[in-house]
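No experiment lies behind these values; they were computed from the predicted model shown. Chain naming here is simple, since letters A, B, ... match the order of the sequence lines and numbering starts at 1 in each. What's counted below: heavy atoms across the whole structure, side chains too, no hydrogens, waters or symmetry copies.
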2 protein chains.
Amino acid sequence: MTYQESLSALADPTRRRIFEAIAQSPQPVGALAKTLPISRPAVSQHLKVLSDAGLVLCRVEGTRHIYAARPDGLAQLRAWLDRYWDKVMDGFAEEINGGGGLDD
Amino acid sequence: MTYQESLSALADPTRRRIFEAIAQSPQPVGALAKTLPISRPAVSQHLKVLSDAGLVLCRVEGTRHIYAARPDGLAQLRAWLDRYWDKVMDGFAEEINGGGGLDD
DNA sequence: ATTCTTGGTAAGTCATTACTTACCGTAATC
DNA sequence: GATTACGGTAAGTAATGACTTACCAAGAAT
């Protein structure tokens with residue numbers, strides 16, 4: 001549920017594909033696996049990672065586990081990146097107008 | 001130089017620390033290593049990853065290699081995340097007002 | 001010119017991780 | 001109730017990656 005989990009979860013290309021796929025339309029695990037070059041258990045494991053990161057949630061319909069993207073998760077990652085951006089730009093600005101100095 | 005490289009580069013906590021540090025003020029490799037719990041070669045290797053991702057650049061002053069953050073790199077990552085966000089939200093919106101169905 | 005500082009690269013190790021197959025439980029179907 | 005569809009978990013493997021020490025090249029300093 002932290003931005004770090006979201007970050008490393010989405011760092012994997014396969015997980016990005018999965019997340020994108022279920023973001024476009026929620027799907028059960030098997031259907032998802034058919035569209036991917038990996039086995040169903042592999043998809044299950046990726047979904048667990050995405051779920052632990054809070055990027056995804058699951059509703060159970062009978063034996064079908066239908067996964068859907070959870071916008072909050074992505075929102076948190078965006079929020080982190082924005083704060084990070086600000087911090088970095090602050091440092092960068094300091095560097096430009098005098099670095100350690102502040103004198104001018 | 002792609003967003004994927006930036007993403008996986010910043011997925012590593014140590015690399016985030018390094019990036020943040022040199023964003024606050026550009027530093028030579030050795031000075032950077034002193035503030036971190038890892039060896040200087042390890043720092044060098046992290047810097048190479050950050051550099052390949054376009055997040056960092058280096059100016060040479062004698063034997064000193066002074067690394068600085070490159071805002072463009074982060075900007076590209078932010079831009080990607082924003083587009084990604086839009087895409088995901090599109091899918092999410094579709095899902096809400098009818099999804100695959102459209103019937104109701 | 002030699003010595004010292006600085007930092008990149010090579011090679012090897014250990015942990016992590018992305019995948020596989022095999023297995024098990026549970027809900028639907030006949 | 002037996003069978004089939006669905007999916008999570010266990011266990012093992014192969015690749016990746018973060019680190020180490022050892023080494024080498026190049027500029028500074030004495």
Can you check whether A:A21's main-chain N or O pairs, donor with acceptor, with A:Q24's side chain at less than 3.5 Å?
no
Can you check salt bridge (Lys or Arg N to Asp or Glu O under 4.0 Å) on B:R78 and B:D82, steps first, answer last?
CA-CA 6 Å; B:R78 264 186 31 142; B:D82 282 350; 5.4 Å; no
B:H46 NE2 - D:dT16 P separation (whole Å)
18 Å
Does the side chain of B:L74 come within less than 4.5 Å of A:Y84's, by heavy atoms?
yes
Residue pair A:Y67, A:V29: steps toward the side chain to side chain contact (heavy atoms under 4.5 Å, CB included) verdict
CA-CA 7 Å; A:Y67 283 84; A:V29 182; 3.6 Å; yes
Give the rounded distance in Å between these two atoms: CZ of A:R15 and P of C:dT16.
15 Å
Answer yes or no: are there more than 12 heavy-atom neighbours, outside A:R16 itself, under 6.0 Å from its atom CZ?
yes
Do any N or O atoms from the side chain of B:Q76 and from the backbone of B:G73 form a donor-acceptor pair under 3.5 angstrom?
no
Can you check the B:R16 CZ to D:dA18 C1' distance for me, whole Å?
15 Å
Residue-level proximity of residues 47-70 of chain A to DNA chain C when a heavy atom falls under 4.0 Å
A:G62, A:T63
A:D12 CG - D:dG17 P separation (whole Å):
10 Å
Path from A:V49 to A:L32 over hydrophobic side-chain contacts below 4.5 Å:
no
Strand contacts (DNA chain C) in residues 28-42 of chain A, 4.0 angstrom heavy-atom criterion
A:I38, A:S39, A:P41, A:A42
Donor-acceptor under 3.5 Å (A:R40 side chain, A:G30 main chain)
no
For B:Q45 and C:dT9, what is the distance between atoms CD and P respectively, to the nearest whole Å?
9 Å
